[in-house]
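Working notes for the structure below.
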Amino acid sequence: MPPLPPSLQLTSVRPTCTGCASHSREVEEEGSPSSRGGGEGGPDRRAQRGAGMAPSELAPPGLAPGVVLLQKLRGSRFGYGFYQGMALVLTFLVYMSYHASRRPISIVKSALNPTGNTGCCGDDCDASGVQATLANGTDATGVPGAPTNGTDPAGGGDDCDGGWAPFCGGCGESRLGYLDTAFLISYTFGVMASGHIGDRTNLRHFLLFGMVGSGVMISLVGMAYFWNIHSYSYFLIFQGLTGVFEGTGWPAVVSVVAHWFGKGRRGLIMGIWNSHTSVGNMLGSFLAAAVVDPDWGYSFLVLAALITGVGVFTWLFLIPSPSDVFEAPGAGSYVAGGERVEDEEQGNYERAPEPDSPVKPPPKGINFMAAWAIPGVMSYSFALFFSKLVAYTFLFWLPFYLQENRPDLTSKQAGDLSIFFDLGGIFGGIAAGQLSDATGASASVATGFTLLAMPTMLAYQKLGGVSPTLNDILLVVTGFFVNAPYALITTAVSADLGTHESIASNRNALSTVTAIIDGMGSLGATVGPMLTGQILSNNTTTGAFNKMFVMLCGSSLLAGMLLAQQVWKEHKARRKVVEKATSSESREAESREGETEALLLGQST
């Protein structure tokens, strides 16, 4: 392609990544000497329109290979809006698959322990939780040749009654609860470490590592069925490793979205985007429940394949940050070529540097203590501890609760019914985000939803068994109020705090802040399912579930109380705005009165 005439040459303008919401555009100017191909560098790439460019000129180094292929086929680069939309869709799919892959363990609980508190527990059992002395003289820790699904390792079948050792019998619920604990404790450490690493590495590669690793660990849990493994240690180890890899997702996807979208409508955008949590839960429940009977191992394998496939697809196409496509160190800006983008009118712009101008290195991420000291991080972190305790207790134990209260339900039917809770969560997250944008008071919105969750949970406990229809309606309402504050705090609030004015000079703090807040929430998510397992093991079914709902309501109350300081700050800030507006209106009124009096005085004179 021959060089363009000087009068038609273009100089790129790159976005200033303030809030990482800037769009790129091209501004026609008369070419300067550097843009006319003068100097040692020869013709400047920024002077070309993209169409007809050589393949090597269509993409910055290190760009996602799938995007490189698309640009080669198109013959030009894409505009800012394309990359922005692709980042939103891909991160939605990423975390949808993360959440979907966590559902098998909750779906298969009723298949692993269908009879509840029967059989041995305690000193009469070995380390794996089955009878220490077996009728056939063999052990039950996964020795080849052990009986298959549907019988206990002793061959009698009375203790398991169709379940799977070591989860059948008297300690079954407790051991299942410890599996949840192993996952969530590991997840907490994983998410904390991932936030620190995510601020310092390429998020596209990091997500591939986390998602493929999660798929491998999940599949190994499911293979216990096909390999006839009954060792409790085996399940604990691989559930724990699954948690570590699952922790890679959240800090990374929040960081990507916050880089591409500014604060203007972040609450609504992230409220809609955060429906990936509920969509993932519903998809995971549906897929896992579809294959749980009679071979529960497939529940894990199907979801392992899903998260692995989405991870590879994301690696092929994800652009983690605008700077990955709109700026190349030492070579000016990479801009959207092939078409003009004047209609994309968001953000601030500054002129791209000349090819020989020095490039500032990107700022390093902040440390843990600096992130913890950001105003609001501590309050929201502890509030999320209790909010996530409630949400994850439903996530891990709702199918089991449904089947215990309605014995006529199969494992598949219980898993399918739990979808109604997540359906309500979708609408709750969107509503909370919209209200947060409209009021500018995220703490007040989160507190309101948290407090309203208490009566809805009690109503579900008391009235859910009246009829199947009422049960479904109350599940939707409960999910609406339970998931809304959890969704708001983990998305829009985390992103806002990660770009707080106190760290405005450091744009690489977002993953660390997100990891701290979500990590504290994950500790709560660990405590809730673990306590539920202990409650169910030490009480009758009716009494146990009564105590469980008391725990959930108390946790919601504490979450609201912990946000009281932030609510008060929002109230004072809003009052100052109103007072300032009132004062301004008063001054304007006085000024108008003075002008009127002067005019009347002039007329009388």
Side-chain angles (χ1 to χ4, degrees), residues 12 14-15 17 20-24 45-46 48 50-51 53-98 194 197-215 245 248-261 273 276 305-339 341 344 359 362 507-508 510-511:
S12 309
R14 68 178 172 92
C17 196
C20 294
S22 314
H23 289 201
S24 74
R45 292 180 182 177
R46 291 177 294 147
Q48 302 186 41
M53 297 174 69
S56 61
E57 296 177 323
L58 284 173
L63 193 65
V67 175
V68 173
L69 177 61
L70 291 178
Q71 291 185 158
K72 288 180 179 178
L73 294 175
R74 186 173 186 258
S76 62
R77 300 190 188 100
F78 294 98
Y80 186 95
F82 172 83
Y83 297 115
Q84 189 182 49
M86 186 166 59
L88 194 68
V89 171
L90 286 175
T91 51
F92 182 96
L93 294 176
V94 165
Y95 215 66
M96 178 199 74
S97 64
Y98 268 107
S194 297
I197 297 171
D199 284 334
R200 295 162 173 80
T201 190
N202 187 308
L203 294 176
R204 183 168 62 89
H205 301 314
F206 188 60
L207 283 172
L208 176 68
F209 166 76
M211 298 179 79
V212 172
S214 295
F245 282 100
T248 59
W250 189 243
V253 296
V254 172
S255 182
V256 170
V257 173
H259 284 158
W260 283 102
F261 292 88
W273 173 77
H276 55 51
L306 174 69
I307 191 171
T308 301
V310 173
V312 173
F313 183 79
T314 300
W315 180 82
L316 290 173
F317 292 98
L318 180 66
I319 307 296
S321 172
S323 62
D324 292 338
V325 284
F326 294 110
E327 183 177 6
S333 296
Y334 285 94
V335 298
E339 60 184 35
V341 290
E344 299 174 330
V359 177
R507 294 297 171 187
N508 282 350
L510 187 55
S511 290

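Nearest heavy-atom pair across Leu318 and Ala87 is CD1-CA, 4.3 Å. Heavy-atom minimum distance, Val310 versus Leu93: CG1-O, 3.7 Å. Pairing each heavy atom of Leu63 with each of Ile319, the nearest pair is CD1-CD1, 3.2 Å. The minimum heavy-atom distance between Pro320 and Arg204, with the atom names listed, is CG-N, 3.9 Å. Here the closest non-hydrogen pair linking Met211 and Gly311 is SD-CA, 3.4 Å. Looking at every heavy atom in both residues, Ile307 comes nearest to Ser97 through CG1-OG, 3.9 Å.
Partners of Leu70 by side-chain contact (heavy atoms from CB on, under 4.5 Å), not counting sequence neighbours, listed by chain and number: Phe78, Phe82, Phe317. For Tyr95, the ring pair (Phe, Tyr, Trp, His ring centres under 6.0 Å) partners are Tyr98, His99, Trp250, His276, not counting sequence neighbours. Partners of Thr91 under the side chain to side chain donor-acceptor pair (under 3.5 Å) rule, at least two apart in sequence or in another chain, are Trp273.
In this structure, the side chains of Val67 and Met86 come closer than 4.5 Å at one or more pairs of heavy atoms. Annotation: side chain of Val312 is in contact with side chain of Leu208 (closest heavy-atom distance under 4.5 Å).
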Discussion item. Go through it in stages, so that I can follow the logic: the residues are Thr248 and Phe206, the test is side chain to side chain contact (heavy atoms under 4.5 Å, CB included), and I'd like the CA-CA distance, side-chain angles, deciding distance and then a yes or no.
Written reply: CA-CA 8 Å; Thr248 59; Phe206 188 60; 3.9 Å; yes
Discussion item. Before you tell me yes or no, could you show the steps for Val212 and Phe245 under side chain to side chain contact (heavy atoms under 4.5 Å, CB included), namely the whole-Å CA-CA distance, both residues' side-chain angles and the distance that decides it to 0.1 Å?
Written reply: CA-CA 9 Å; Val212 172; Phe245 282 100; over 6 Å; no
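If you take CG on Leu306 and OG on Ser214, they are separated by 11.5 Å, rounding to the nearest 0.5 Å.
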